[in-house]
Amino acid sequence: MALFDNRRVDGIMADRGLSDLSEETKTHVEAILSELDSKKLLRDSDTANFTDRSNQEKIGFLRAILEQNWILIAQNEKLLKVLNKDNEN
């Protein structure tokens, strides 16, 4: 269950190629996005103000890892669909 605007969730997911997730995976992704939003860690958050350069770099690295994870989620979802399709045949 998302704590912020569902259109925003859908937009973020679409930007990362996650529009076609299973309902179970989508629920988990929405929970992650809600947590990040509550901590003001989403890339488009205008309220996160990190004046210390070392904090900016840490947040940059964490965001890069997060983006990498979105790629892995999308790839895993595609693999699951192929495997499920093969099992049905």
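Computation of the quantities below employed the complete heavy-atom set of this structure, encompassing side-chain atoms and omitting hydrogens, waters and symmetry-equivalent molecules.
Under the 4.5 Å side-chain criterion, counting only non-hydrogen atoms from C-beta, Lys26 is in contact with Asp10. Side-chain contact between Lys81 and Lys85 is absent, with no heavy-atom pair separated by less than 4.5 Å. Within the 4.5 Å cutoff, the side chain of Leu18 has no heavy atoms near those of the Thr25 side chain. When side chains are defined from C-beta on, Met13 counts as touching Leu33, because their heavy atoms get closer than 4.5 Å.
Rounded to the nearest 0.5 Å, atoms CD1 (Ile12) and CH2 (Trp70) are 8.5 Å apart. Atoms CD and CD, on Glu77 and Glu24 in that order, are 9.0 Å from each other to the nearest 0.5 Å. Atom CD1 of Ile71 is separated from atom CG of Asn76 by 12.0 Å, given to the nearest 0.5 angstrom.
In the hydrophobic clustering of this structure, Ile32 groups with Leu21; members are Ile, Leu, Val, Met, Phe, Trp, Tyr whose side-chain heavy atoms approach within less than 4.5 Å, directly or through other members. Leu62 and Ile73 end up in the same hydrophobic cluster when Ile, Leu, Val, Met, Phe, Trp and Tyr side chains are linked at under 4.5 Å.
Among residues two or more places apart in sequence or in another chain, the salt bridge (charged side-chain N to carboxylate O under 4.0 Å, His left out) test is passed with Lys78 by none. Taking Ser19 as the reference, Ala14 meet the side-chain contact (heavy atoms from CB on, under 4.5 Å) condition, with sequence neighbours excluded. Asn69 pairs by the side-chain contact (heavy atoms from CB on, under 4.5 Å) definition with Ile65, Leu72, not counting sequence neighbours.
Considering all non-hydrogen atoms of both residues, Arg16 and Ala74 come closest at O-CB, 4.5 Å.
Between Arg63 and Glu67 there is no salt bridge, since no side-chain nitrogen of the basic residue lies less than 4.0 Å from a carboxylate oxygen of the acidic one.
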